[in-house]
Amino acid sequence: MAEGIDISIEHRNLPEPSKNDKPHPNTCPECGSHYRDAELADNFWVCPHCNHHFRVRAKDRIAQLADEGTFKEEAADLRSEDPLTFFDMRPYTERLVEAEQETGQGDAMIIGSAAIERVRCELAVMDFAFMGGSMGSVVGEKFVRACESAAEVGVPLVSVTSSGGARMQEGILSLMQLPKTVCAVEDLKDSGGAMISVMAHPTTAGVLASFASLGDVIVAEPGALLAFTGPRVVQQTTREKLPEDFGLAESNVRFGHLDAIVGRRDLRPYVGRVLRLFSNHGGPARGRHAGTAGAP
């Protein structure tokens with residue numbers, strides 16, 4: 001294809017692809033538009049035509065949120081072990097190695113100190129690309145360390161979640177990360193600190209049921225699935241037809257589970273304003289701003 005030709009157009013009238021055709025990696029699932037990597041990166045990985053929010057890798061998310069050159073990663077050497085010698089179709093150790101090779105990360109969370117809009121904070125960002133963003137012992141430990149670092153320095157914690165839940169390969173050890181992370185958030189708040197929780201698609205199961213829901217300010221990206229169990233499983237269990245927006249961010253904000261829905265282009269200035277409010281007035285937010293999709 002000639003250089004410089006814009007391919008960001010919809011392809012609704014093309015023939016149906018054969019089973020042997022590989023789908024374009026940057027095809028919008030909502031409107032079918034195709035994009036180059038650079039086009040999506042320039043637009044925060046959001047479809048310009050329909051506003052669909054593509055999944056974002058943790059390092060890209062950090063680059064979008066943090067002021068340039070301010071992020072300093074912590075606990076990068078932590079790696080999951082295999083205490084249960086778990087084997088399903090393949091050994092757990094093999095899955096871990098494969099996930100690290102594919103993502104270039106040690107596990108499904110990256111933590112570190114940063115500044116957003118010139119306000120210092122601690123960042124804890126999950127990556128769905130690493131085994132579905134599942135929470136095992138390393139993710140739990142990293143989150144706890146992020147809370148401890150935020151409390152020690154006296155800065156807020158900004159958490160960005162994207163997870164399918166607890167990691168089954170670690171059994172009860174992964175489930176124990178739920179109370180462990182909840183206690184870490186409580187300790188952070190007891191120290192006078194605060195947490196801002198940003199839920200990206202999807203934030204489900206054990207992560208939703210633990211630290212992701214404990215932010216002093218809780219926001220989500222448009223269209224994000226925020227539910228303990230996905231709609232397909234719920235519908236099969238209850239045998240009832242569910243609302244079209246069941247479990248989505250739009251449903252959650254309507255019922256008061258979120259403070260706001262914030263598009264990715266506006267997320268950095270929004271979080272920056274919240275951080276400045278905590279910095280100016282101190283202490284965590286005292287109430288839920290249910291249903292407000294605007295800024296603080």
Side-chain angles (χ1 to χ4, degrees), residues 44-45 53-66 71 75 99 103 105 107-112 114 116 121-147 150 156-167 174-175 177-186 188-189 194-230 247-253 257-264 267-268 270-271 274:
F44 295 88
W45 290 85
H53 283 51
F54 287 80
R55 286 200 186 108
V56 176
R57 297 294 309 280
K59 291 180 180 178
D60 292 331
R61 175 79 68 177
I62 292 168
Q64 292 174 3
L65 283 176
F71 180 74
T103 64
Q105 296 174 196
D107 217 289
M109 176 176 279
I110 296 177
I111 65 170
I116 298 176
C121 65
E122 184 79 10
L123 272 176
V125 182
M126 301 193 75
D127 195 326
F128 194 83
F130 193 105
M131 297 188 69
S134 51
M135 180 169 65
S137 54
V138 166
V139 169
E141 178 64 21
K142 281 193 172 187
F143 182 81
V144 169
R145 293 194 187 188
C147 290
L157 169 66
V158 178
S159 163
V160 184
T161 54
S162 178
S163 173
R167 187 173 298 172
S174 66
L175 293 179
Q177 305 312 308
L178 277 71
K180 179 177 178 177
T181 55
V182 168
C183 290
V185 174
E186 189 66 20
L188 171 62
K189 294 183 179 182
M195 185 176 94
I196 301 167
S197 180
V198 179
M199 298 189 189
H201 175 76
T203 296
T204 60
V207 171
L208 179 74
S210 56
F211 67 89
S213 298
L214 297 179
D216 296 291
V217 175
I218 305 176
V219 301
E221 291 187 334
L225 176 63
L226 317 174
F228 186 78
T229 305
L248 300 184
E250 291 73 15
S251 171
N252 277 271
V253 78
H257 299 157
L258 299 174
D259 292 303
I261 296 174
V262 184
R264 195 172 293 158
L267 188 57
R268 182 167 178 250
Y270 184 98
V271 172
V274 174

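Residue numbers start at 1 and run along the sequence shown.
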Colleague: Is there side-chain contact between His201 and Glu221, with heavy atoms separated by less than 4.5 Å?
Modeller: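 The answer is no; the side chains never approach within 4.5 Å.
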
Colleague: Let me see the working for Thr103 and Arg57 under side chain to side chain contact (heavy atoms under 4.5 Å, CB included), right down to the final yes or no.
Modeller: CA-CA 9 Å; Thr103 64; Arg57 297 294 309 280; 3.1 Å; yes

Colleague: Rounded at 0.5 Å granularity, tell me how far OH in Tyr270 sits from CD1 in Ile261.
Modeller: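 Separation between the atoms: 11.0 Å.
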
Colleague: Would you indicate whether the side-chain heavy atoms of Val253 and Val219 approach each other to under 4.5 Å?
Modeller: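 No, every pair of side-chain atoms sits at 4.5 Å or beyond.
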
Colleague: Any salt bridge linking Asp107 with Arg167? Criterion: basic side-chain nitrogen under 4.0 Å from a carboxylate oxygen.
Modeller: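 Counted as a salt bridge, because a side-chain N and a carboxylate O are separated by less than 4.0 Å.
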
Colleague: Who are the salt bridge (Lys or Arg N to Asp or Glu O under 4.0 Å) partners of Arg268, not counting sequence neighbours?
Modeller: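 For Arg268, the residues satisfying salt bridge (Lys or Arg N to Asp or Glu O under 4.0 Å) (neighbours in sequence not counted) are Asp67, Glu117.
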
Colleague: Hey, are the side chains of Ser213 and Leu208 touching, using non-hydrogen atoms and a 4.5 Å cut-off?
Modeller: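 Answer yes - side chains close enough.
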
Colleague: Can Lys180 and Glu186 be counted as an ion pair, charged N to O under 4.0 angstrom?
Modeller: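 Judged by the 4.0 Å cut-off on N to carboxylate O distance, Lys180 and Glu186 do not form a salt bridge.
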
Colleague: Name all residues meeting the ring pair (Phe, Tyr, Trp, His ring centres under 6.0 Å) criterion together with Phe130; count only those two or more places apart in sequence or in a different chain, and write none if there are none.
Modeller: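 By the ring pair (Phe, Tyr, Trp, His ring centres under 6.0 Å) rule, Phe130 matches no residue at all.
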
Colleague: Tell me, do Met199 and Ile218 make a side-chain contact under 4.5 Å, heavy atoms counted?
Modeller: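 Met199 reaches Ile218 side chain to side chain.
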
Colleague: How far does CG of Leu123 sit from CD1 of Ile111, to the nearest 0.5 angstrom?
Modeller: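 Atom-to-atom, Leu123:CG and Ile111:CD1 are 10.0 Å apart.
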
Colleague: Are the charged groups of Lys189 and Asp216 less than 4.0 angstrom apart, N to O?
Modeller: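 So Lys189 pairs with Asp216 through a salt bridge.
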
Colleague: Nearest heavy-atom pair of Ala205 and Gly164: which atoms, and what distance?
Modeller: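 That would be CB-O, 3.6 Å.
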
Colleague: Do Leu258 and Leu226 make a side-chain contact, defined as non-hydrogen atoms from C-beta onward lying under 4.5 Å apart?
Modeller: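 Leu258 vs Leu226: side chains touch.
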
Colleague: Start with the C-alpha distance between Phe71 and Leu65, add both sets of side-chain angles, then the distance that settles side chain to side chain contact (heavy atoms under 4.5 Å, CB included), and finish with yes or no.
Modeller: CA-CA 10 Å; Phe71 180 74; Leu65 283 176; over 6 Å; no

Colleague: Looking at every heavy atom in both Ser174 and Gly136, which two are closest together, and how far apart are they?
Modeller: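 Where Ser174 meets Gly136 most closely, the heavy atoms are CB-CA, 4.3 Å.
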
Colleague: Using a 3.5 Å distance criterion without hydrogens, assess whether the side chain of Ser163 forms a donor-acceptor pair with backbone atoms of Gly133.
Modeller: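 Answer holds: yes.
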
Colleague: Quick one: are Gln64 and Arg264 in side-chain contact, heavy atoms under 4.5 Å?
Modeller: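 Counting from C-beta outward, Gln64 and Arg264 do come under 4.5 Å.
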
Colleague: Tell me if a side-chain donor or acceptor on Gln177 pairs with a main-chain N or O of Val139 at a distance below 3.5 Å.
Modeller: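 Flag not set: sc Gln177 to bb Val139 has no pair under 3.5 Å.
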
Colleague: Answer whether the closest heavy-atom distance between the side chains of Val56 and Phe128 falls below 4.5 Å.
Modeller: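 Not in contact.
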
Colleague: So, do Phe211 and Val182 sit near enough that their side-chain heavy atoms are less than 4.5 Å apart?
Modeller: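 Answer no - side chains too far apart.
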
Colleague: Nearest 0.5 angstrom please: Leu157 CG to Cys121 SG, how far?
Modeller: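 Taking CG in Leu157 and SG in Cys121, the distance rounds to 8.0 Å.
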
Colleague: Taking atom types as modelled, is there a side-chain donor on Thr203 or Thr161 under 3.5 Å from an acceptor on the other?
Modeller: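 Checked: Thr203/Thr161 side chains pair up, N/O donor to acceptor below 3.5 Å.
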
Colleague: Atom CG of Asp127 and atom OG of Ser162: how far apart are they, to the nearest 0.5 Å?
Modeller: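 Reported value, rounded in 0.5 Å steps: 7.5 Å.
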
Colleague: Any side-chain to backbone donor/acceptor pair from Ser197 onto Ala212? Under 3.5 Å, distance only.
Modeller: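 Confirmed, Ser197 side chain pairs with Ala212 backbone.
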
Colleague: Do you know the tightest heavy-atom contact between Cys147 and Leu188?
Modeller: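 It is O-CD1, 3.8 Å.
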
Colleague: Determine whether Met135 and Ser210 satisfy the following criterion, side chain to side chain contact (heavy atoms under 4.5 Å, CB included), listing intermediate values before the conclusion.
Modeller: CA-CA 11 Å; Met135 180 169 65; Ser210 56; 4.0 Å; yes

Colleague: With rounding to the nearest 0.5 Å, note down the distance linking CG in Asn252 to CG in Leu225.
Modeller: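 Those atoms lie 8.5 Å apart.
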
Colleague: Any chance you could lay out the side chain to side chain contact (heavy atoms under 4.5 Å, CB included) test for Val160 and Met109, step after step, and finish with the verdict?
Modeller: CA-CA 9 Å; Val160 184; Met109 176 176 279; over 6 Å; no

